[in-house]
Each structure stands twice: as structure tokens, then as C-alpha cells.
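Data first, discussion second: the structure below is written as C-alpha cells.
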There are 2 protein chains.
Amino acid sequence: MRPTVQDVARQAGVSLASVDRVLNQRPGVREKTIAKVEAAISKLGYIRDVSAANLAKRQIYRFAFVIPEGANSFMRGLEAEIEAVKQHSANDRTEISIYKVPPFDGRALAATLDGLDPARYSGVAVVATEAVAVRDALARLRRNNVPVVTLVSDVPSFQCDAYVGIDNVAAGRTAARLMGNFLGEKSGKIALVAGSMLVRDHVERRMGFEQVIRSDYTRLECLPVIEGKDDGQLVQKYLSECLRMHSDVVGVYNMGAGNRGLIEVLSKNGASKERVVVAHELTEHTRRALNAGIVDAIIHQDAGHEVRSALRILKARIDKTPLLAGQETIRIEIYLNENLS
Amino acid sequence: MRPTVQDVARQAGVSLASVDRVLNQRPGVREKTIAKVEAAISKLGYIRDVSAANLAKRQIYRFAFVIPEGANSFMRGLEAEIEAVKQHSANDRTEISIYKVPPFDGRALAATLDGLDPARYSGVAVVATEAVAVRDALARLRRNNVPVVTLVSDVPSFQCDAYVGIDNVAAGRTAARLMGNFLGEKSGKIALVAGSMLVRDHVERRMGFEQVIRSDYTRLECLPVIEGKDDGQLVQKYLSECLRMHSDVVGVYNMGAGNRGLIEVLSKNGASKERVVVAHELTEHTRRALNAGIVDAIIHQDAGHEVRSALRILKARIDKTPLLAGQETIRIEIYLNENLS
DNA sequence: CTGAAAGCGCTTACAG
DNA sequence: CTGAAAGCGCTTACAG
């Protein structure tokens, strides 16, 4: 039988309450008592039962997810994943609220974060935009003992409890390797599409992509980045102009959203077989494009994994329990038509 | 406040014990009482607290993992992942035992399974070999109400609770797409290496691989499969013979283990840049080979994910709780040097 | 600074 | 067929 607090109390010759105080590092215990309890714990190999503790504490986890609103399919997929755990998590004494804020708007995000009551929420996960006001709002939550994780997009200037997302430089490098290898001996230009060069993810992906192309595929040349604001309409307009101007574009890399516009241009363009196309994030649109051969590869991050990982990390901080190493690494996934699951 | 069994009992005008009987579908309750309780449950929106129930039941999960012994790095990685959750799972009232059996040996596997006491184990996960004795041993466990999942390698003739692993036909197709695209305009032969054509995974991967090569890359031709018994020494011997005999081998696909032998041959061979090499499973050896450019791509399955998924599925069966859709799909992962994490 | 007792939301004998 | 009471492994007031 596994030892319980009762056993520890008996072994140490103290009451249950004292064991509890030591276990939870509550103040007002004599050094000598602490020592006795700790000796008993290690002698018996006591491991505390977290769920029994949570039952006694009537612990309920309340989490806030703050994510961008708008048409971005990846973000809507992220929202769907949050909804899925939300339904499921009633079993786990967990309550989840979703707050949606305008995308690319640091002030709006900061205002929403400032509106979160630290007494109400036991943890916050946020798709962050970099801005001083955001950093300050996150710092306020941390000061009030609310653990914070950033999701998908990090804020390096703020030391949060964890960043749950991919390494975007490596993602760009991965895209470039696929592009370069798929192009074989061909030479020519690569069109680069991003949402905005003010967004960290996209800047990092571009950096990684250009690094690899320049060093390993010198017969290829990257055109200046087209900024499509993650908006399908704009992407469509700018990209078709670009392809008209440059007849020797052999590859297209979309490091941002707005894939609907990209797909529109390339499917009209017909000769998709002759160009290699790499984009980010598996959505219903990019899946269809992979199937149709309009897109050759998708670099993906698993939004469901990110949501569940964020929750595990926040709970571990709250319960002061260790995480399982390896489970919380978000991978840079590659999808071809063949391994869509 | 969330309603509890107390609330349900009060609302239904019955005792706690009766509520419990209905909740757990225990026999010996009048239809009318069942109806009253069920009405109260749905009226209050009662959701049962599984961890409180497990505490009261002194429920301890005891799981057996049955895996192959031997030098196979993937299997040793799988074992390490089981060990990792084993350490961690003391917190979760979960005990895990690992049984190792000789690889490719259905009788030894069946004997081990037959030795598992159904009274002791609440669930079993097994890396299965196809054999009648194995199927019967698994059926015995199921008859004794022990849920069973197959790990990595399925036994289609046995209807188990779940198969936790990848679709190996799709994995083969994925390997072929990478091979074909990376080869660009080149034509020539592809050397195929497998462990054994008696093992289902390898047969399926081969099928998927050849399908895609034949239909989409007609300038490429697959050589007959080399069977290396997943043994580095043998793979090295047979593959180097094969490369000596065929001067026009432009690609190598290893659908089995024994990658150390493969890497040995190809690194000596020098001209690795001229051949495209695709293999399975990220291990310390294949990582190094990716880094060194000896291997171009690795098709991978996440052993840690598989272990954790198997545990979640078994627990859900035991607790009769729903699974979170999406979390249990094992993906066919693709690794290039750039997205190693 | 310490301890006895009640309680968290369930389940389990046992009595009727 | 049904219910009162004790108990699972913790924590929380409250009294001293």
C-alpha cells in the first residue's frame, strides 16, 4: 500500500494538520517539526495524491485563452480545439473561457488582458502581439500569481511561464530545404509572401528560409517579400501582379496566412506542376490544395497539441507538479498529400 | 456550484447509494428509481467527478506493456518512453510493468501474454506479432475484461480496443513522394531494404512505396526487396552487395530497422550526395546521418505520443470516459535536417 | 506553534 | 430493492 498523510503523521509523531503544513510549505511550523515530517516523508517514500488534494481544496481550474478574431483559418482551428477541450474538461474540474481580440492590435490585446481578474483566473494562455502595453499587462498577471503561457507567437521581452509553439526560424529553414530539393536542378526566382514584416513569426520564417536558399541553392533567388496582411484578397492581388512581372518564378513560399488567395492565383495559373509551392498550416483550404497538387508541401503546427500542452503546463505550475519531458515540444510538421491524416 | 451526487439524491428523493447504483449501472434497482435518478441527473446537468470516484474506489491502474527486446533502436526508444511515464505516473495512481519478449517470435509473445494475470492488470498494451497463438492470448485477456491496445504494429484479425500507430501504407507512399520529388529529373533504380517480408508493417510500407513510384515516377524502378532482418550487420552486407551489382542506383529506401548498417555502407560509399536516401524512425543514429547529409529524410512516429495515447485510451475504457478526438491520431512525421527538434 | 474534527464528491459493505 | 454510515487521501477552519 502506498503511504498516505496518515502514515506520515504517525511516523513523525505529529498531527495531520502539521503534515499538511509542511507538505504545502505553509508558515508557522517549528524547524524541528518540519525536520520530523520530512524525515518521515523520505523514510516512507511518501508521494502525495494530487487529485485527493484538489478534491479537498475544491480546486477548480479557470483558464482564459486570448486569441485573435477574424477569418484566419489557423486561428479558427485553434479556437475549435479550445472548444473541444472545453467540452471535455468539465470532467476535470476545469473551466475555460475564450476571449477574442482584433488581430495585429497590441492595444486591444492589452486592454483585454487588463480586464482579466487575477482572482478569477488560475491561468492565462495568449496568442501574443508584441507591444509594450501587452508586456505590461502580462507582467501584471504574473505579479498576481497567475501563470501565463504564450501560444503560437512569443513575446521574448516578457519572461512568461512557457512559450508553446514552434521555432519559426527552423520552420523557414525546413520550408527552404523542401523547396530547394523539390526544385532539383531548376534555377529561377522564388516569390515570398508574408502577412506582415512587423510580426515576429513571419520575420523569423523568412530569415530561416533565406539562410538556406542562399547557402545551399545558389541557382535560386528570393524576390522581395510581398506583405499580404494575412488577407486572401490582398495576397491574390499582389501575388498575381508579382507573377506577371517575373516570368521566371519557379517557386512560391507563403510564410503567412491568406492561403485562399494564394490558391486562387495558382489554380488559375494552371501550370502549377512547374512551380513548387510551400505554405504554412493545414486547413480545409490547404488540404484541398495539397490533394489537387496546387501546393506541394505544408509546414504545420498542431493547434490541438498546443492547446492541450498549454493547459498541462498551466496546471503543472498551479499544482507544483513536474511535467513529462518531451510531451510539450511542439513539432514542425511537414505534410505532403501522402501523409495527410 | 457544480451539482454533486448529494444534489442528485435530494432532487430524486432517494439515497446516495441508489444514485451510485444508477450512475454505475449496477443491478438491483427498480425501473422507477432509475427513472427518478436519471431525471434528476439531466435536470441538474450532473457530471460525475471521476477523480473523486477513483479515490473512493481506491482505483489503481495497473498496466502491462509488452514489447520486443533486442538492439532495435526504435524499440529501445519506446521502452525509454514507457519508463518516463512510469516514473511520472506514480502521481496518477498508475503502475506500469514492462515485459520484453524476443522479436519476431509469436509463440514467445503468446506465452508472455498468457502469463499475465487478468485480476492483476487493468489494461495491456502490446507490440504485436501476427500469430494465431497471439490472437488467442489477446482474446483471453479481453474475455476477462482487460482492455487491450496494439502498439506500433497491428493484428487486424484481433478486434482490440485500439490500434495505436501509423498507417504504414501511407507511410510508404510518403517516403516515395519524397524520394521521387528529391530525385528531380534523375532516372535509375531504387534499392529497397526491409526487415522481413513476413512482418505486416514492412509489407504495407513497401506496397505504398511502390504504388507511388510506379504511378508517378516512371523513370524510376524499384529493385527486389533486400531482407536484412532488422540487423545492422546483415543490412550492411546485403546492401553493399546490391550497390556493387547495380551501378545505377539513385535512391535507397529502408523501410525497416538496421539503419546502422545502412549508414555504414552509405558513408563509406562517399557519393551520398548523388543518392537520395529515405529511412524510418528518428534515433541517435539516423539523427547523426541526417545532420551529416547521409540520409535525406526520415519518416517517423512519435513513440512517446504512442505510449501516452495507449495509456489514455486504456484509462478511458476503464473509467468509461470519452476520449478527446484528435489527440489520439498518431501522425506520419517527416524529418529533414532542418526540423529536427 | 499544534491538533481534533469536519468535509471535498464519491463508493462500499452492511443492515433492513 | 433501498438507505445510513464509514471511508478514500487530502485540506480547512477553529480551538487551544
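Lettering of chains follows the sequences in order, A, B, ..., and the numbering in each one begins at 1. As the structure is a computational prediction, the values presented were derived from the model and not from experiment.
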Hey, what are the protein-to-nucleotides 7-9 of chain C N/O distances that come in under 3.5 Å?
| residue | atom | partner | partner atom | Å |
| --- | --- | --- | --- | --- |
| C:dC8 | O2 | A:A56 | N | 3.2 |
| C:dG9 | N2 | B:A52 | O | 3.3 |

What nitrogen or oxygen pairs link the protein and nucleotides 3-6 of chain C at under 3.5 Å?
| residue | atom | partner | partner atom | Å |
| --- | --- | --- | --- | --- |
| C:dG3 | OP2 | A:S15 | N | 3.0 |
| C:dG3 | OP2 | A:S15 | OG | 3.3 |
| C:dG3 | OP2 | A:S18 | OG | 3.1 |
| C:dG3 | N7 | A:R21 | NH1 | 3.3 |
| C:dG3 | N7 | A:R21 | NH2 | 3.4 |
| C:dG3 | O6 | A:R21 | NH2 | 2.5 |

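For the residue pair A:N145/A:R317, the side-chain donor-acceptor check at 3.5 Å is not satisfied.
The backbone N or O of A:R331 sits nowhere less than 3.5 Å from a side-chain atom of A:H305 that would complete a donor-acceptor pair. For A:H300 (side chain) and A:E281 (main-chain N/O), no donor-acceptor pair under 3.5 Å exists by modelled atom type. A donor-acceptor contact shorter than 3.5 Å links the side chain of A:H88 to the backbone of B:P322.
Remark: DNA chain D takes part in the stems C:1-3 with D:14-16, C:5-12 with D:5-12, C:14-16 with D:1-3, each of 3 or more antiparallel Watson-Crick or G-U pairs, criterion distances under 3.5 Å.
Sorted by first then second residue, the side-chain hydrogen bond (donor to acceptor under 3.5 Å, both in side chains) pairs that include residues 123-140 of chain B, not counting sequence neighbours, are B:E130-B:R200.
Applying the side chain to side chain contact (heavy atoms under 4.5 Å, CB included) test to B:N54 and every residue at least two apart in sequence or in another chain returns B:V50, B:K57, B:Q59, B:Y61, B:D319. Shown here are the side chain to side chain donor-acceptor pair (under 3.5 Å) partners of A:Y121, two or more places apart in sequence or in another chain: A:S97, A:Y99. Contacts of B:R62 classified as side chain to side chain donor-acceptor pair (under 3.5 Å), with partners at least two apart in sequence or in another chain: B:E95. Partners of B:V101 by side chain to side chain contact (heavy atoms under 4.5 Å, CB included), not counting sequence neighbours, listed by chain and number: B:V66, B:L109, B:T112. In this structure, the side chain to side chain contact (heavy atoms under 4.5 Å, CB included) partners of B:A139, at least two apart in sequence or on a different chain, are B:R143, B:F158.
At whole-Å resolution of the value, NZ in A:K32 and C1' in C:dT2 are 14 Å apart. What separates NZ of B:K36 from P of D:dC1 is a distance of 14 Å, to the nearest Å. Atom P of nucleotide D:dC10 and atom CG of B:N54 are separated by 15 Å, given to the nearest angstrom.
At a threshold of 4.0 angstrom between heavy atoms, the contacts of B:N24 are confined to the sugar-phosphate backbone, with no base atom among them.
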Distance-only donor-acceptor hits, side chain of residues 307-315 of chain A, under 3.5 Å, sequence neighbours excluded:
| residue | atom | partner | partner atom | Å |
| --- | --- | --- | --- | --- |
| A:S309 | OG | A:E328 | OE1 | 2.6 |
| A:R312 | NE | A:E328 | OE1 | 3.3 |
| A:R312 | NE | A:E328 | OE2 | 2.9 |
| A:R312 | NH2 | A:E328 | OE1 | 3.1 |
| A:K315 | NZ | A:T94 | OG1 | 3.0 |

Which pairs of donor and acceptor atoms, one on a side chain in residues 73-87 of chain B, lie under 3.5 Å apart (sequence neighbours left out)?
| residue | atom | partner | partner atom | Å |
| --- | --- | --- | --- | --- |
| B:S73 | OG | B:R260 | NH2 | 3.4 |
| B:R76 | NE | B:E79 | OE1 | 2.9 |
| B:R76 | NH1 | B:P68 | O | 3.4 |
| B:R76 | NH1 | B:G70 | O | 2.6 |
| B:R76 | NH2 | B:P68 | O | 3.0 |
| B:R76 | NH2 | B:E79 | OE1 | 2.9 |
| B:E79 | OE1 | B:K100 | NZ | 3.3 |
| B:E79 | OE2 | B:K100 | NZ | 3.1 |
| B:E83 | OE1 | B:Q87 | NE2 | 3.4 |

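A heavy-atom distance below 4.0 Å to DNA chain D is reached by none of the residues of residues 313-324 of chain A.
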Run B:Q301 and B:E333 through side chain to side chain donor-acceptor pair (under 3.5 Å) and show every step you take.
CA-CA 6 Å; B:Q301 53 189 317; B:E333 301 177 27; over 6 Å; no

